[in-house]
Amino acid sequence: MKFLIIRFSSIGDIIMTSPVPRCLKTQVPGAEVHFVTKKQNQFLAQANPYFDKYFLLDNNLTALAGQLRAERYDAVIDLHNNLRTWRLTALMGNVLVYRFDKLNWQKLLLTKFKINILPKDLHVVDRFMATVSRFGVINDNRGLDYFIPPADEVLLSVLPGTHHNGYVAFAIGGQDATRRLPLPKLLELCAKIKEPLLLIGGKEDAEMGQRITETLANPLIVSVCGQFSFNQSASLVRQARYVFAHDTGMVHVSAALKKRIIIILGNIVREFGHLPYQTQQVVWEVDGLACRPCSKIGYKSCPQGHFRCMNNQPLDLTTIPWETAGPSPEHRIL
């Protein structure tokens, strides 16, 4: 059978769909698996060995539909399920489409009225996998995939000598402000960590990383925000002892790389099913807030102005069980 998987964004969500092509490819005899995503996510598609072919969306939906229509797919697996993917599949003509259930109205009830009827303990990965169950495909429970090309592996020798014998990684970024610790809390947490700490993020996080290192003036705290590509940052995460992260793409990279994770939740709640998948983790969140969750995604600032979901975080390192359990197996490139 010939399958097309659609997921345009975001990086974290694309990574969480990774069991779908793997299970299709390994469980459906003779399966040919194609993938379509946004152009800026090409690096995720080209490194995945379970894709026989991939296509990129670069604003021209009609041209893309023409390319896909020519492939004559047996089934389209829409793991995004928004207006644009409905338009795309309509333009493809007579094609069989199976769509991911986004549970939007259930999330609306929770965010607006605090009525929780979301499926209990159901991860979004399980909902992605449900779209292909009709083909006899089951979850192989191998977790998420993230493939780092050899050219993007980062040698530890590029880091200061303080970090050559192990470090903790902190992915300080996040798509929305309400999903990130504010600067005072970032400073508080970084000051509490007493081992080499590597701050990881994109160019948009470089200023914050610099403010942290300059304010704390601790040689054990090093920021590489904005200095490496996403794949290279993933390589640095793979070589870390464990990872602190907000609810963002790098937390799912960390899960795919089987890292131990402390995930810090702000306006997002675990009931949405987006926690790190099948890896050891600690969840930091402020319970008992009547305003939480305020959004299924996030805001540029707290809608109520107090930002208690992050400002009230205790940042208690004693809740990390492996702190006294010794280091985990590491992939280190010296």
Side-chain angles (χ1 to χ4, degrees), residues 1-58 61-104 106-107 119 122-147 249 252 255-256 272-274 277-278:
M1 294 188 70
K2 192 173 184 178
F3 297 95
L4 173 68
I5 297 172
I6 305 173
R7 183 72 210 197
F8 289 143
S9 63
S10 60
I11 289 176
D13 291 305
I14 293 170
I15 294 168
M16 286 191 287
T17 68
S18 60
V20 175
R22 181 184 70 231
C23 292
L24 279 174
K25 193 68 178 172
T26 58
Q27 296 178 29
V28 177
E32 184 176 346
V33 180
H34 294 189
F35 181 64
V36 60
T37 190
K38 288 184 177 179
K39 186 176 181 179
Q40 60 263 36
N41 298 320
Q42 180 175 359
F43 71 98
L44 295 173
Q46 63 190 171
N48 193 321
Y50 298 109
F51 295 144
D52 296 288
K53 194 173 182 179
Y54 66 85
F55 298 86
L56 302 173
L57 173 63
D58 189 13
L61 203 66
T62 302
L64 175 62
Q67 290 179 283
L68 299 175
R69 187 167 54 246
E71 295 287 342
R72 299 183 178 276
Y73 293 107
D74 295 299
V76 174
I77 312 300
D78 181 2
L79 299 183
H80 205 132
N81 191 8
N82 66 1
L83 179 59
R84 182 175 283 184
T85 63
W86 278 76
R87 287 181 57 207
L88 177 64
T89 53
L91 289 168
M92 289 174 62
N94 187 21
V95 61
L96 194 61
V97 183
Y98 300 99
R99 301 189 195 274
F100 161 64
D101 185 357
K102 300 178 79 168
L103 303 181
N104 278 340
Q106 293 94 327
K107 291 179 181 178
L122 184 65
H123 200 280
V124 66
V125 172
D126 300 312
R127 292 193 282 122
F128 285 142
M129 287 299 304
T131 59
V132 293
S133 62
R134 68 199 73 239
F135 303 106
V137 173
I138 60 173
N139 194 333
D140 60 12
N141 288 314
R142 288 167 49 192
L144 307 181
D145 287 325
Y146 192 86
F147 303 98
H252 301 297
F272 289 162
H274 290 177
Y277 189 64
Q278 294 189 352

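For reference, positions follow the sequence shown, starting with 1.
- Annotation: the span from I14 atom CD1 to S9 atom OG amounts to 6.5 Å, rounded to 0.5 Å.
- Put simply, the side chain of Q27 reaches to within 4.5 Å of the side chain of D140, judged on heavy atoms.
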(request) Start with the C-alpha distance between L44 and T37, add both sets of side-chain angles, then the distance that settles side chain to side chain contact (heavy atoms under 4.5 Å, CB included), and finish with yes or no. (result) CA-CA 9 Å; L44 295 173; T37 190; over 6 Å; no

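- In terms of heavy-atom proximity, I77 sits nearest to T131 at CG2-OG1, 3.4 Å.
- Remark: L57 CG to Q67 CD distance equals 10.5 Å, nearest 0.5 Å.
- Considering F100, Y277, F272 as possible partners of V124, the one that fulfils the side chain to side chain contact (heavy atoms under 4.5 Å, CB included) test is F100.
- Nearest heavy-atom pair across E32 and K25 is CA-NZ, 4.2 Å.
- With a 4.5 Å cut-off on side-chain heavy atoms, R142 and C23 do not count as touching.
- To the nearest 0.5 Å, the span separating CZ on R99 from CD1 on I6 amounts to 7.0 Å.
- Of the listed residues (Y50, Y54, Y73), just one forms a ring-ring contact (aromatic ring centres under 6.0 Å, His included) with H34, and that residue is Y73.
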(request) Might you work through the side chain to side chain contact (heavy atoms under 4.5 Å, CB included) test for R127 and L103, ending with a clear yes or no? (result) CA-CA 10 Å; R127 292 193 282 122; L103 303 181; 3.5 Å; yes

(request) Would you check, one step at a time, whether the test side chain to side chain contact (heavy atoms under 4.5 Å, CB included) holds for N81 with W86? (result) CA-CA 7 Å; N81 191 8; W86 278 76; 2.7 Å; yes

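- Summarising the geometry of V125 relative to P19, their closest heavy-atom pair is CG1-CG, 3.9 Å, with the distance given to 0.1 Å.
- The pair K2-D52 does not count as a salt bridge, with every side-chain nitrogen at least 4.0 angstrom from each carboxylate oxygen.
- For L96 against D74, the heavy-atom pair with the smallest separation is CB-O, 3.8 Å.
- We find the CG-CD distance between N41 and Q46 to be 11.0 Å, quoted to the nearest 0.5 Å.
- Counting all heavy atoms, side chain and backbone alike, V132 lies closest to V137 at O-CB, 3.5 Å.
- Of all the heavy atoms in L68 and M92, the pair that sits closest is CB-CE, 3.8 Å.
- Atom NE2 of H252 and atom CG of D13 lie 7.0 Å apart (nearest 0.5 Å).
- No more than 12 heavy atoms of other residues, nucleotides or ligands lie within 6.0 Å of CZ in R87, so this atom counts as exposed by the packing criterion.
- The OG1 atom of T89 sits 12.0 Å away from the CZ atom of R69 when rounded to the nearest 0.5 Å.
- F3 and F135 have perpendicular rings, their planes meeting at more than 60° on a 0 to 90° scale where under 30° would count as parallel.
- Applying the ring pair (Phe, Tyr, Trp, His ring centres under 6.0 Å) criterion to F51, with sequence neighbours excluded, gives F35.
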(message) With side chain to side chain contact (heavy atoms under 4.5 Å, CB included) as the criterion, how do L56 and K38 come out once you've worked through the C-alpha distance, each side chain's angles and the decisive distance to 0.1 Å?
(response) CA-CA 5 Å; L56 302 173; K38 288 184 177 179; over 6 Å; no

